[in-house]
Number of protein chains: 2
Amino acid sequence: MANRPRPARRRTTRQLALVLAAVRAAGTEHPTAEEICRRVRRVLPRVSLGTVYRNLQRLVGDGLVGVAHLGSRVARYDPTPAAHDHFVCRSCGRVEDLVAGPPAAGIRSLHRAGHEVTAHALVLYGRCRDCRSA
Amino acid sequence: MANRPRPARRRTTRQLALVLAAVRAAGTEHPTAEEICRRVRRVLPRVSLGTVYRNLQRLVGDGLVGVAHLGSRVARYDPTPAAHDHFVCRSCGRVEDLVAGPPAAGIRSLHRAGHEVTAHALVLYGRCRDCRSA
DNA sequence: CTCGGTGCAAAGGGTTTGCATACAT
DNA sequence: ATGTATGCAAACCCTTTGCACCGAG
């Protein structure tokens, strides 16, 4: 039988740790890769955006951080890897986390048709309280 | 007072009509701009992708076609402009339309917090019947 | 010492835009 | 005749990748 391709032992680097820390430090801000890069550079001024992307990919793959595409073109990273939904304010852009509400009706009708639903992405859009009162 | 910027009278061109026709002809396939461009070129071989994009933007703005970002980076266009959700098969990529199921729970909790929800985007992922039986 | 991670810079894919020309009005 | 829409190509934005060097193991 073929040698299975060796599992490639992974190293933990300063950059990796700092990227993870940056995602977590951003709290609820759902930072972009660029924002994360800026933050990491405060400590390690020479990190490249490429490295940030590579480490983000790895962290997402390992389930340590989440990614969300919230309607714009850029990916936003999220310290909460568990499935959850988002609310985006169309005036100020703020992003709020929501507990994942499995959309029961849609799932039921798909199941009836023989399809299997394994995940979902839900983004709610509107105006946040602050923008409404302004 | 300043002259208000004149409302720019819009022209209807062969290209515009063909782009709309192409979106509609694709039926339930949710074509990409590139696919639409290919179809339009069967009639008008010299249309540019740029023109297709400009016309798609206009049609979306006018509410004649819908756009959906279904997890990948490419925008997919939809002859059904009314709000509705989507199911994407992770094996074969097929896209199924769903009647819009307003995610009541999420909206309620946001409303309680003072936010106003005006729209949503829901994508369900899974395996379609055909891929499950294969 | 190894070989996976890094920095850099260039390539890539999707979409937008500047410009001279074509054409709907 | 007027000026919007077009075709072309270059620019854009976000992300990925190739390569030589660096440094964790």
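The sequence lines fix the lettering, A, B, ..., with proteins before strands; numbering per chain opens at 1. Quantities reported herein were computed from a predicted structural model and do not represent experimental measurements.
One finds the CG atom of Leu70(A) at 14.5 Å from the CZ atom of Arg73(A) (value rounded to the nearest 0.5 Å). The CG atom of Leu16(A) sits 8.5 Å away from atom CZ of Arg10(A), with the distance rounded to the nearest 0.5 Å. Rounding to the nearest 0.5 Å gives a distance of 9.0 Å between CG of Leu122(B) and CG of Leu124(A). A distance of 10.5 Å separates OG1 in Thr51(B) from CG in Leu56(B), rounded to the nearest 0.5 Å.
Remark: side-chain polar atoms of Arg76(B) are paired, donor with acceptor, to backbone N or O of His30(B) under 3.5 angstrom. Although no hydrogens or angles enter the test, the distance criterion places a donor-acceptor pair under 3.5 Å between the side chain of His115(A) and the main chain of Arg129(B). Between the Arg41(B) side chain and the Val47(B) main chain, a donor and an acceptor come within less than 3.5 Å of each other. A distance-only check finds a donor-acceptor pair linking the side chain of Glu35(A) to the backbone of Thr32(A) [under 3.5 Å]. Judged by distance alone, with hydrogens and angles left aside, the side-chain atoms of Arg127(A) form no donor-acceptor pair with the main-chain N or O of Ser91(A) at under 3.5 Å. Of the possible donor and acceptor atoms, one in the side chain of Arg132(A) sits under 3.5 Å from a partner among the backbone N and O of Gly114(B).
Distances shown here put every side-chain N or O of Gln15(B) at or beyond 4.0 Å from the OP1 or OP2 atom of dA5(D).
Sorted by residue number, the list of members of residues 86-97 of chain B with any non-hydrogen atom under 4.0 Å from DNA chain D is empty.
If you take CD of Glu35(B) and P of dT15(C), they are 11 Å apart, rounded to a whole angstrom. The nearest whole Å value for the distance from the CG atom in Leu16(A) to the P atom in dG7(C) is 12 Å. Residue Asn55(B) contributes atom CG, which lies 14 Å from atom C1' of dT16(C) at whole-angstrom precision. Note: CG (Leu44(A)) to P (dG5(C)) measures 16 Å, nearest angstrom. Counting to the nearest Å, the P atom of dG7(D) and the CG atom of Leu18(B) are 10 Å from each other.
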Dump the pairs, protein N or O against N or O of nucleotides 23-25 of chain D, anything under 3.5 Å, distances to one decimal.
| unit_1 | atom_1 | unit_2 | atom_2 | d |
| --- | --- | --- | --- | --- |
| dG23(D) | N2 | Arg11(A) | NH1 | 2.3 |
| dG25(D) | OP1 | Thr12(A) | OG1 | 3.4 |

Q) Would Arg58(B) and Leu64(B) count as a side chain to side chain contact (heavy atoms under 4.5 Å, CB included) if you check the C-alpha gap in whole Å, the side-chain angles of each, and the deciding distance to 0.1 Å? A) CA-CA 9 Å; Arg58(B) 173 168 162 183; Leu64(B) 291 172; over 6 Å; no
Q: For each nucleotide in nucleotides 8-18 of chain D, reading 5' to 3', give B when a protein heavy atom comes within less than 4.0 Å of its base, S when such contact involves only the sugar-phosphate, and - otherwise.
A: B-----SBBBB
